[in-house]
Amino acid sequence: MKPKLVRTVAALRRETAKWRAEGLRYAVVPTMGAIHSGHTQLVTEGLKRADRVITTIFVNPKQFAAHEDLGKYPRDEDGDVRKLGKAGTHLIFSPAPDEVYPPGFSTTISLAGPAKAGLEDKFRPLFFDGVATVVAKLFTQTGADIAMFGEKDYQQLQVVTRMAKDLDIAIEVIGVPTVRETDGLAKSSRNVYLSKTERQQAVAIYRNLQNAAERIRSGVNPQSATRSATRTLMALGFKVDYVTARNAQSLSIPQNRDEPLRLIAAAWLGKTRLIDNIPV
Ligand code: PAF
């Protein structure tokens, strides 16, 4: 099925109004394009929970820092439309930057809580304000009942969940488990940058997170379990940005034993930065 493509908020709302009039429930899958199996999995999961799925394609300038090359971000709208059609998306919203941020646009959502957990925010200080601003707009523009986000970007998932709750946006944010290669490595468009040897080593992140989770479940202190995972990864040649146990929702450092925990890691292997996370 070839999905309908709309570029303006007015056209988007004409389509969603028809669905509402028919009593249909719909999901939104926000993306920046460069569609891969992680995105199509979000569409598949959206289709299980809603009658219609909208995928948005928008390379959001507000989440790029000055040194990050917005112009180099991969763009292939025709390829994206084909892949999204195959996955079952009904409608694609692919606006131009001016449609999202018209002249005079002056509002940015300023975040605290999970957005300031000292994880990805430590490396990209303005990133989540930009993400939250565009995602809030996409939520209100689409008026979707549910939104699908990958658990792979775990901090982003918690940030948008908190933002929607705090701003009373009537949408349910659903986290979709990370899609993995057969050896357990989290699927990512960055995996292609790994050399053959690095590709074999890369799964060590997932294995060490699993090992740390196992140890925490058997009573080891989360800080010691993650410290020893960090040491093992460093010994294997990773440059570790963080391996940490956090409260699964607030991402704060756990204060007591019965908090739900998430183990979260980011590490470089050669020139490739890998991220992963698992529940305890
Ligand atoms: O995860 C992404 O691709 C982006 O951060 C998102 C959620 C589409 C917002 O631009």
Side-chain angles (χ1 to χ4, degrees), residues 9 12 27-43 45-46 53-65 68-77 79-81 83-84 87 89 91-101 105 107-111 114-115 117 119-121 123-142 144 146-165 167 169 171-179 186-191 251 264 266 273-277:
V9 177
L12 171 68
V28 61
V29 177
T31 81
M32 298 210 298
I35 297 301
H36 55 69
S37 57
H39 298 118
T40 53
Q41 178 69 14
L42 299 181
V43 173
E45 292 299 321
V53 172
I54 306 174
T55 302
T56 66
I57 299 178
F58 181 63
V59 183
N60 175 32
K62 282 198 180 289
Q63 67 191 74
F64 286 77
E68 296 170 337
D69 199 344
L70 171 66
K72 281 211 178 115
Y73 197 84
R75 289 167 170 86
D76 171 21
E77 193 180 80
D80 289 346
V81 170
K83 288 176 204 161
L84 290 168
T89 289
L91 181 65
I92 295 175
F93 176 48
S94 181
D98 265 12
E99 179 70 10
V100 180
Y101 303 120
F105 186 88
T107 303
T108 299
I109 293 180
S110 157
L111 303 159
L119 304 171
E120 289 309 289
D121 53 298
F123 301 89
R124 305 175 80 185
L126 299 175
F127 175 73
F128 288 119
D129 287 0
V131 169
T133 302
V134 80
V135 169
K137 284 179 67 82
L138 294 169
F139 284 0
T140 52
Q141 288 164 344
T142 59
I146 58 175
M148 315 304 293
F149 283 83
E151 284 185 349
K152 167 108 191 309
D153 296 307
Y154 195 76
Q155 190 175 8
Q156 170 170 276
L157 170 62
Q158 298 313 317
V159 168
V160 298
T161 303
R162 185 76 239 180
M163 177 275 293
K165 189 173 154 69
L167 298 183
I169 303 178
I171 195 165
E172 186 191 354
V173 177
I174 296 175
V176 175
T178 303
V179 184
K187 279 205 182 186
S188 160
S189 39
R190 293 182 178 183
N191 294 350
L251 303 185
I264 312 176
R273 189 170 187 269
L274 301 167
I275 58 168
D276 205 348
N277 66 86

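Each ligand, and each atom within it, is numbered from 1 in the order the structure gives. Sequence positions, counted from 1, serve as the residue numbers for this chain.
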For ligand 1, output the ligand-protein N/O contacts shorter than 3.5 angstrom; if there are none, return none.
from     : atom 1 : to     : atom 2 : distance (Å)
ligand 1 : 1 (O)  : Gln156 : NE2    : 2.8
ligand 1 : 5 (O)  : Gln63  : NE2    : 2.9
ligand 1 : 5 (O)  : Gln156 : OE1    : 2.8
ligand 1 : 10 (O) : Gln63  : OE1    : 2.6

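Checked by atom type and distance alone, the side chain of Thr89 never pairs as donor or acceptor with a backbone atom of Ile54 at under 3.5 Å. For the pair Asn60 (side chain) and Gly130 (backbone), a donor-acceptor distance under 3.5 Å is present. Between the side chain of Thr133 and the main chain of Ile109, a donor-acceptor pair closer than 3.5 Å is present.
Residues forming a side-chain contact (heavy atoms from CB on, under 4.5 Å) with Ala115 (at least two apart in sequence, or on another chain): Leu111, Phe128, Val159. Take Asp80 and apply the side-chain contact (heavy atoms from CB on, under 4.5 Å) test, not counting sequence neighbours, and it matches Ile35, Ile57. By the salt bridge (charged side-chain N to carboxylate O under 4.0 Å, His left out) test, Glu120 pairs with Arg273, sequence neighbours left out.
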